[in-house]
Amino acid sequence: MKIATWNVNSVKARLSHLETYLTENRPDVLCLQELKTEEFPAASIQALGYNIEYCGQKAYNGVALLSPHPITVTQKGLAGEDEDLQARYIEAEVQGIRVASIYLPNGNPVESEKYPYKLRWMARLKERAKQLLASEVPFVLAGDFNIIPENRDAKRPEQWVNDALALPQSRSAFRAILNLGLTEAFRALHPDRAGAYSFWDYQAGAWPQDNGIRIDHLLLSPALADRLTACDIDKTPRGWEKASDHTPVWCEVA
DNA sequence: ATGCCGTCCGAAGGACGA
């Protein structure tokens, strides 16, 4: 079973890329982030044999789950902050696996309200992870975490020292989730690999210079981690014309 | 680099992303 995640930075602007990716890779589940629309443009994706469940929002955010298998939605949004209406979390059961597509807040600028919102959101995600662990359902939290876990996950870590993606408090909150007993799939299978990135800024020639960061992750529950056979980053879509600034990350579980 | 580019909304340019 192949599970992939991709921040498409507008599903409308990236629809042809999405069609190509699904056709060429046929993932069993694709988690999408940053739909940037209230209504998912579903027709051409459904025509490829994919079911779609999503949580949309006008102009900003938006997450989706795509699968050729039946998708049973278990939750939209995270508990713990009733006034939070941002579309950043959708969770569903697919083929006996609980899959969540998450778009974790960026948090910049750090001095603004956005940073405490990011940290609160991470605490809420941790609570959800605790519940899922207690339920013993195999699960994966997949998406744009907006976290650079370690300096080796950035081409130029010095550019990110004061950034919400890499601050010690951000990394600590990410580790706190992992330390519940989750497995970060890419690092688990490639413990020594450096220079592996999932995002390259549109600006300043970041892509041609390979000035990237690894911020898109798949976090597996213990039982699912035991079934992990492969995980990698597919850089191909980042090289396409009018690409998203993120590229897909995928894993295979037996 | 005080966002260099890209997308959205809405009809110019500001908000936002990371």
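What you see is a predicted model, and the numbers here were worked out from it, not measured in a lab. Proteins come first, then strands; the chains are lettered A, B, ... in the order of their sequence lines, and each starts at number 1. FYI, side chains are in, hydrogens and waters are out, and symmetry mates aren't considered; it's all heavy atoms of this structure.
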Atom of A/Arg120, atom of A/Glu113 and distance for their closest heavy-atom approach: NH1-OE1, 4.1 Å
Taking the side chain of A/Arg14 as heavy atoms from C-beta outward, which of B/dG17, B/dT7, B/dG10 is closest to it? B/dT7
Would you call the rings of A/His17 and A/Trp240 parallel, tilted or perpendicular, where under 30° means parallel and over 60° means perpendicular? perpendicular
For DNA chain B, whose closest nucleotide is more 5', that of A/Ala243 or that of A/Pro109? A/Ala243
Check the angle between the aromatic planes of A/Trp207 and A/Trp200 and answer parallel, tilted or perpendicular using the 30° and 60° thresholds. perpendicular
P spacing across the pair B/dC9 / B/dG3, given as an integer number of angstrom: 23 Å
Whole-Å distance separating the CG atom of A/Asn211 from the C1' atom of B/dC5: 14 Å
Nearest whole Å is fine: how far is B/dG17 C1' from A/Lys36 NZ? 6 Å
Side-chain atoms of A/Asp201 come closest, of B/dT7, B/dG3, B/dG17, to B/dG3
How are the rings of A/Trp6 and A/Tyr21 set to each other: parallel, tilted or perpendicular (split at 30° and 60°)? tilted
Between A/Lys114 and B/dG17, is there a side-chain N or O to OP1/OP2 distance below 4.0 Å? yes
Atom-to-atom span, CZ of A/Arg156 to C1' of B/dA1 - whole angstrom: 13 Å
At under 4.0 Å between heavy atoms, what does A/Asn7 touch on the DNA or RNA strands: base, sugar-phosphate, or nothing? sugar-phosphate
Euclidean distance, atom CD of residue A/Glu113 to atom P of B/dC16 [Å, nearest integer]: 13 Å
Take the protein atom CG of A/Leu104 and the nucleotide atom P of B/dG17, then report the distance between them rounded to whole Å. 12 Å
Using a heavy-atom cut-off of under 4.0 Å over every strand shown, decide if A/Tyr103 touches base, sugar-phosphate, or nothing. sugar-phosphate
Give me the ring orientation class for A/Tyr54 and A/Phe40: parallel if the planes are under 30° apart, tilted from 30 to 60°, perpendicular past 60°. tilted
Nearest whole angstrom, please: distance from the C1' of B/dC8 to the OH of A/Tyr202. 13 Å
Given the C1' atoms of B/dA12 and B/dA1, what is the spacing between them in whole Å? 25 Å
Nearest-neighbour nucleotide for the A/Tyr60 side chain, B/dG17, B/dC8, B/dC16 considered: B/dC16
A/Lys118 NZ to B/dG17 C1', straight-line distance once rounded to whole Å: 12 Å
Step by step, would you call A/Ser198 with A/Asp216 a side-chain hydrogen bond (donor to acceptor under 3.5 Å, both in side chains)? CA-CA 6 Å; A/Ser198 65; A/Asp216 299 270; 2.7 Å; yes
Specify the residue among A/Asp163 and A/Gln203 whose closest nucleotide of DNA chain B lies further upstream toward the 5′ end. A/Gln203
Measuring to OP1 and OP2 of B/dC8, would you say a side-chain N or O of A/Ser10 lies under 4.0 angstrom away? yes
What interatomic distance, in whole Å, is found between P of B/dC4 and the corresponding atom of B/dG10? 24 Å
Applying a 4.0 Å non-hydrogen cut-off, can you work out what A/Asn108 is touching in the nucleic acid: base, sugar-phosphate, or nothing? base
Expressed in angstrom and rounded to an integer, what is the separation of A/Glu39 atom CD from B/dC8 atom C1'? 16 Å
